[in-house]
Undergrad: 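Just dropping this structure here.
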Amino acid sequence: MRVATFNVNGIGARIGALLQWLEETQPDVACLQELKAPQEKFPEAAIREAGYCPIWLGQKSWNGVAILARGVEPQEVTRGLPGDPSDEQSRYLEAAVNGILIACLYLPNGNPAPGPKFDYKLAWFERFHKRAQELMDSGAPVILCGDYNVIPTERDAYKPERWVEDALFRPESRAAYQKLLDAGWLDALRATHPDEVIYTFYDYMRDAYGRNAGLRIDHLLLSPELAPQLKAAGTDHAVRGREKPSDHVPTWVELDWPA
DNA sequence: ATGACTGATGGAATCAGA
């Protein structure tokens, strides 16, 4: 079973590239972030024609997440990150697919830091810690995947010294990510590629992709129950080099699990 | 420190992204 995550940076602008990628790689589950579309503008028909059943949480202009399952309806578990009813940003969805609990997240960017946006990021992270622990305690096989907006370590940035003051790389952000790993979640890409330079984001500006000036900020974290089933993980790097690409690269895990 | 790119909104210029 293959589970992928892809920050599409606008489902409207990216529908062609998304359908091509789905057709080529046939993930069993695809988690999408940054739909940048209101609920009613999600291209449900086109995605169903491609063989995928979607659930989604939209929002005008910004954010927005979706979970697509190939040939089966995702069973929605949670809509929106629990813990703050006043939070109106569409950044979190959970669904069960083939007996695996899939959490799709788009963690706040947090810049500029310090400031209210960084405070929101850290508060969001705390709520996420709480929810992640509940899921782990349930004993179910779980994948937490999406755009974490965290550069975990120095090897995950092309020039780490340029990011030390940035919300993606500040000590608070890294510590919050590390806390997940300490709790027992497995960073699937790093686990399967301990020393490799792997990036999942390239800025549109100054030919970042051509210079391989990237960041690794999209992550798939496996619960201890699921970790032994990890067979492979990687990125669909070439997708970033096509016409009208997202600035993020699709990222995936392959699990020894019946699809 | 700034700018360059891109998408959405709204129908120009601005915000947000990372």
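Chain letters run A, B, ... following the sequence lines, proteins first, then strands; residues in each count from 1.
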Undergrad: Please give me the minimum heavy-atom distance between A/S90 and A/N63, naming the atom from each residue.
TA: O-CB, 3.3 Å

Undergrad: Does A/R127 pair with A/D87 as a salt bridge, N-O distance under 4.0 Å?
TA: yes

Undergrad: Reading DNA chain B from 5' onward, which residue's closest nucleotide shows up sooner: A/N7 or A/G10?
TA: A/G10

Undergrad: Applying a 4.0 Å non-hydrogen cut-off, can you work out what A/N9 is touching in the nucleic acid: base, sugar-phosphate, or nothing?
TA: sugar-phosphate

Undergrad: Please work out which of the three classes, parallel, tilted or perpendicular, describes the rings of A/H219 and A/Y177, given edges at 30° and 60°.
TA: tilted

Undergrad: May I ask you to say what A/F169 touches in the nucleic acid, namely base, sugar-phosphate or nothing, with a heavy-atom cut-off under 4.0 Å?
TA: nothing

Undergrad: Measure the acute angle between the ring planes of A/Y199 and A/Y202, then classify it against the limits of 30° and 60° as parallel, tilted or perpendicular.
TA: perpendicular

Undergrad: Heavy atoms under 4.0 Å, any strand shown: does A/N149 hit a base, just sugar-phosphate, or nothing?
TA: sugar-phosphate

Undergrad: A/S61 or A/D147: which one's nearest nucleotide on DNA chain B is closer to the 5' end?
TA: A/S61

Undergrad: Quote, to the nearest angstrom, the C1' distance that separates B/dG7 from B/dA12.
TA: 15 Å

Undergrad: Taking only the C1' atom of each, what is the distance from B/dA4 to B/dG17 in whole angstrom?
TA: 14 Å

Undergrad: What's the gap between B/dA1 and B/dA13 when it is taken at their C1' atoms, as a whole Å value?
TA: 23 Å

Undergrad: Heavy atoms under 4.0 Å, any strand shown: does A/I151 hit a base, just sugar-phosphate, or nothing?
TA: nothing

Undergrad: Reckon A/D218 touches a base, only the sugar-phosphate, or nothing at all at heavy-atom distances under 4.0 Å?
TA: nothing

Undergrad: Using a cut-off of 4.0 Å on non-hydrogen atoms, how would the nucleic acid contact of A/K41 be classed: base, sugar-phosphate, or nothing?
TA: nothing

Undergrad: Roughly how far apart, to the nearest Å, are B/dC15 and B/dG11 at atom P?
TA: 15 Å

Undergrad: Can you check the distance between B/dT14 and B/dA18, where both ends of the measurement are the P atom (answer in whole Å)?
TA: 22 Å

Undergrad: If every non-hydrogen atom of A/Q75 is compared with every non-hydrogen atom of A/E73, which pair is closest and at what distance?
TA: NE2-O, 3.0 Å

Undergrad: Expressed in whole Å, how much space separates the P atoms belonging to B/dA8 and B/dG3?
TA: 24 Å

Undergrad: Kindly give the heavy-atom pair with the smallest separation between A/P112 and A/K117, and that separation in Å.
TA: CD-CD, 4.3 Å

Undergrad: When you list every nucleotide of DNA chain B with an atom under 4.0 Å from a heavy atom of chain A, which one comes first 5' to 3', and which comes last?
TA: B/dG3 to B/dA18

Undergrad: Between A/Q33 and A/D147, is there a side-chain donor-acceptor contact under 3.5 Å, judged purely by atom types and distance?
TA: no

